[in-house]
Structure formats: structure tokens, C-alpha cells
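Down below is the structure, laid out as C-alpha cells.
Keep in mind that what you see is a predicted model, and the values were worked out from it rather than measured.
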Amino acid sequence: MPLDSTAPVSFPVSKENEPVRRRSVFSASVRGVESHHALSPDDAAAIRTRRRRKTNDDSLRLIDDLVNRPMDPMFHDARLVHEHRSTFSIWVNRIVVFLICVAVGFAGSLFVQQLQSDPRKQVRQTLSSQLEDRNTQIDELTQQVNDLRSKVDAQSKKISGSVKSDTLLQDEMLNGTVAVEGEGITMTLADPIAASQSDQTSSSRVGTSTSIRVVTDLDLQQLVSLMFQNGAEAIAINGNRLGAQTSIRKAGGHILIGMSAIQSPYTIEAIGDKNALAEAMGERKLASLYESFKEAGIYPQVSKSNSITLEAAVAGEVQYAERNE
């Protein structure tokens, strides 16, 4: 078949000269970059034709720049430039940072210590010191009252030239307004050891409750009543004489004898027939009471004394009662 003279001459392309398909490149800045496709070392034709096809399409360049290079070139270049810093400024910054860290750590430790401290403990210590001061003042005032009472009695004897009647002396001894001396017994009882340990560790167990039984004001009232019923003529608890107006009550964590606070161990001194009192207050007569004490870890001890001296009780002023003639 004759060939058309107008048709271009076509020659078959050999395999080594076949065109290689490569990805499109739109940016002018990477037009000269070689292809990253893996090629065989024997593909000489492809190596010869590695250069990409050039294009002048600005829209494709813009799209390629937006996708692959969103950062402004000037900013990118500026970020690569590092500011030169002197050794002095570097060490000053390190020292300042170190001092700030030390200050923050010290403030944090103080804050944690403040959180761990118990403010109620400080309040208890303050109240305890105030109570001790008040007790000291009460003791001093009591001693002054007793001294003044003795002086008044001495002056009364000088002026009247006579002594008090036996009835008046008996009333004063029963009311506890004068010091007395005689035979009697001494009963000692204390809180159980578990209660003492509980008191020592109470600061670390704030808010907890315990069922440990201790000696209460009711126990002391009961023992004093039993002593009076069995012939006791004068009684003192931890050196505090019981008078007509002396109370035994509990206030806070302490037992008060009148206005004086006492604490364990409790010593009850009673003047009277020592044999009768010792027998009446012994375990054989008060078996149930002693049994309840033993269950709580309380062990009363009774001892006889040939001579016991008790000071006068603090006498209150009578404001509303008057003698009926």
C-alpha cells in the first residue's frame, strides 16, 4: 500500500528509548531536582532523560507552593539565624532560674508544713497554759485566804479573850474551813495505761473516737459518798479539801475539784477510823465496783495512815442566805 506523502514519517521506538513517565512538578524552585524514582543501573535511556519537563503554569506553581511550602521564605530564613548570646548573660539567666526554683520550693515546703500542722493543737496548748496560770493563781489566792483567816482567828481571840466554842469548831471542821489532822486512809486510782498512750497520740488521731474507760467525776463522787457514809470526817482529792461548797465535776478533759483541775493518778485522803474506812472501802465490801474497775484496767489501792493533814477548803462568800434568829 502506497504511503501518504502528507503523513509524517513514523519509525518504531526501541525499548531503550521508550519515554519514562514521571510525576508532575509545578514549582520552579524544584525544576532542577532529579527524579526520586528508583531506576535500574542498566536503564541508560532513563538516566539520560532524568530532567523533568519544564512548565510555565503559574497557577500550578502557586498550588505547589501553598501545599509544600506554606512558610514564608523570609521567616524560614530568619528562623535559621541564631542570636549570639554572651557567656555572662547565659550564666545570669541560669542563676535567676535557680533562685526562682529555690524560692518556689521553699514556699511549697512551708505551705505543705502548714497544711500538715494541726491548728487545734496550738489552741489546746494555749488553753492548757492559761489553765495552768489560773490554777497557780487559785492556789496563791487560797493560801492567802487561809493565812488571812488564821490572822482573823488570832485577832478575834485576842480581842474577845476567849476561844471558840466546841460547836463552832466542830462546824468549821465539818465544813472544811479549817485545817485538820488525824488518822485515816488513802485511796489511789489511775487511768488505764491504754488511756495514757491514747492521750499521747491524740494529736495524730484528731477526729477519732475511743471507747477506753477512764476515771470520771462520777467515780470520784461515788467513792467520796461511800467514805462519808462510812464515817469519814474530812476528805481531800489530790490535796484539794472538800468543803460545803466544793463540787466535783468534769470540764473539758479535766476533772475539777471546786475550781482546781486535777488529773490521773487520783489520790483520795479521808480522815476517820482507819480500820473501819479501810474495811468499808476494800474489795470485799465493794466487789461489784472493784470488778467494774478491773474490767476497765483500773485498780484502786487502799492504804492506812496514822496521820493525815488536810488543808482548809476554799470557802465561798454567802450573799443571799441569812441567819434566822
Distance-only donor-acceptor check, side chains Gln143 and Asp147, under 3.5 Å: yes
Least distance between heavy atoms, Ser307 atom then Glu181 atom: OG-OE2, 3.1 Å
Show which side-chain atoms of residues 227-234 pair as donor or acceptor with protein atoms under 3.5 Å away, not counting sequence neighbours.
{"unit_1": "Asn230", "atom_1": "ND2", "unit_2": "Leu226", "atom_2": "O", "d": "2.5"}

Which residues pass the side-chain contact (heavy atoms from CB on, under 4.5 Å) test with Gln263, not counting sequence neighbours? His254
Check the pair Leu277, Val302 against side chain to side chain contact (heavy atoms under 4.5 Å, CB included), reporting the backbone distance first and the verdict last. CA-CA 9 Å; Leu277 287 174; Val302 178; over 6 Å; no
Listed by chain and number, what are the side-chain contact (heavy atoms from CB on, under 4.5 Å) partners of Ala244, not counting sequence neighbours? Asn175
So, for Ala313 and Thr246, which heavy atoms are closest and what is the spacing to 0.1 Å? CB-OG1, 4.3 Å
Tell me whether Arg241 contacts the main-chain N or O of Glu311 through its side chain, where contact means a donor paired with an acceptor under 3.5 Å. yes
For Gln113, is the CD atom crowded, meaning more than 12 foreign heavy atoms sit under 6.0 Å from it? no
Apart from Phe98 itself, what residues make up its hydrophobic cluster when side-chain heavy atoms of I, L, V, M, F, W and Y under 4.5 Å apart count as a link, directly or indirectly? Ile95, Leu99, Val102
Contacts of Ile262 meeting side-chain contact (heavy atoms from CB on, under 4.5 Å) (sequence neighbours excluded), chain-then-number -> Leu220, Ile237, Asn238, Asn240, Ile255, Ile257, Tyr266
So the salt bridge (Lys or Arg N to Asp or Glu O under 4.0 Å) pairs with at least one residue in residues 214-230 (sequence neighbours excluded) are Arg213-Asp219
By salt bridge (charged side-chain N to carboxylate O under 4.0 Å, His left out) - contacts of Asp273 (at least two apart): none
Looking at every non-hydrogen atom in both residues, tell me the closest pair between Ile308 and Ile185 and how far apart they are. CD1-O, 3.6 Å
According to salt bridge (charged side-chain N to carboxylate O under 4.0 Å, His left out), who are the partners of Arg94, at least two apart in sequence or on a separate chain? none
Report the hydrophobic cluster partners of Phe88, with the cluster defined as I, L, V, M, F, W, Y residues connected by side-chain heavy atoms closer than 4.5 angstrom, directly or transitively. Val92, Val96, Ile100, Val104
Which atom names give the shortest non-hydrogen contact between Lys274 and Ser305, and what distance separates them? CD-O, 3.8 Å
Please collect all side chain to side chain donor-acceptor pair (under 3.5 Å) contacts where either partner lies in residues 293-303, sequence neighbours excluded, each pair once. Glu283-Lys294
Tell me, do Glu269 and Leu310 make a side-chain contact under 4.5 Å, heavy atoms counted? yes
Ignoring hydrogens, what is the shortest heavy-atom contact between Ala270 and Ile235? Give both atom names and the distance. CB-CG1, 4.0 Å
Kindly indicate whether the side chain of Asn275, heavy atoms from C-beta on, has any atom under 4.5 Å from the side chain of Glu279. no
The remaining residues in the hydrophobic cluster of Phe106, counting side-chain heavy-atom contacts under 4.5 Å among Ile, Leu, Val, Met, Phe, Trp and Tyr, are Leu110
Would you check if Gln144 and Leu141 make a side-chain contact, meaning some heavy-atom pair closer than 4.5 Å? yes
Are Leu256 and Ile138 connected, step by step, through hydrophobic side chains (Ile, Leu, Val, Met, Phe, Trp, Tyr) whose heavy atoms are closer than 4.5 Å? no
Would a 4.5 Å heavy-atom cut-off, applied to side chains only, mark Leu242 and Ile248 as touching? yes
Looking only at heavy atoms, what is the nearest atom pair of Pro300 and Phe293, with distance? CG-CD1, 3.5 Å
Are Met281 and Ile268 joined in one hydrophobic group, where the rule is that I, L, V, M, F, W and Y side chains link up if heavy atoms are under 4.5 Å apart? yes
Just to verify, what does Glu132 make a salt bridge (charged side-chain N to carboxylate O under 4.0 Å, His left out) with, not counting sequence neighbours? none
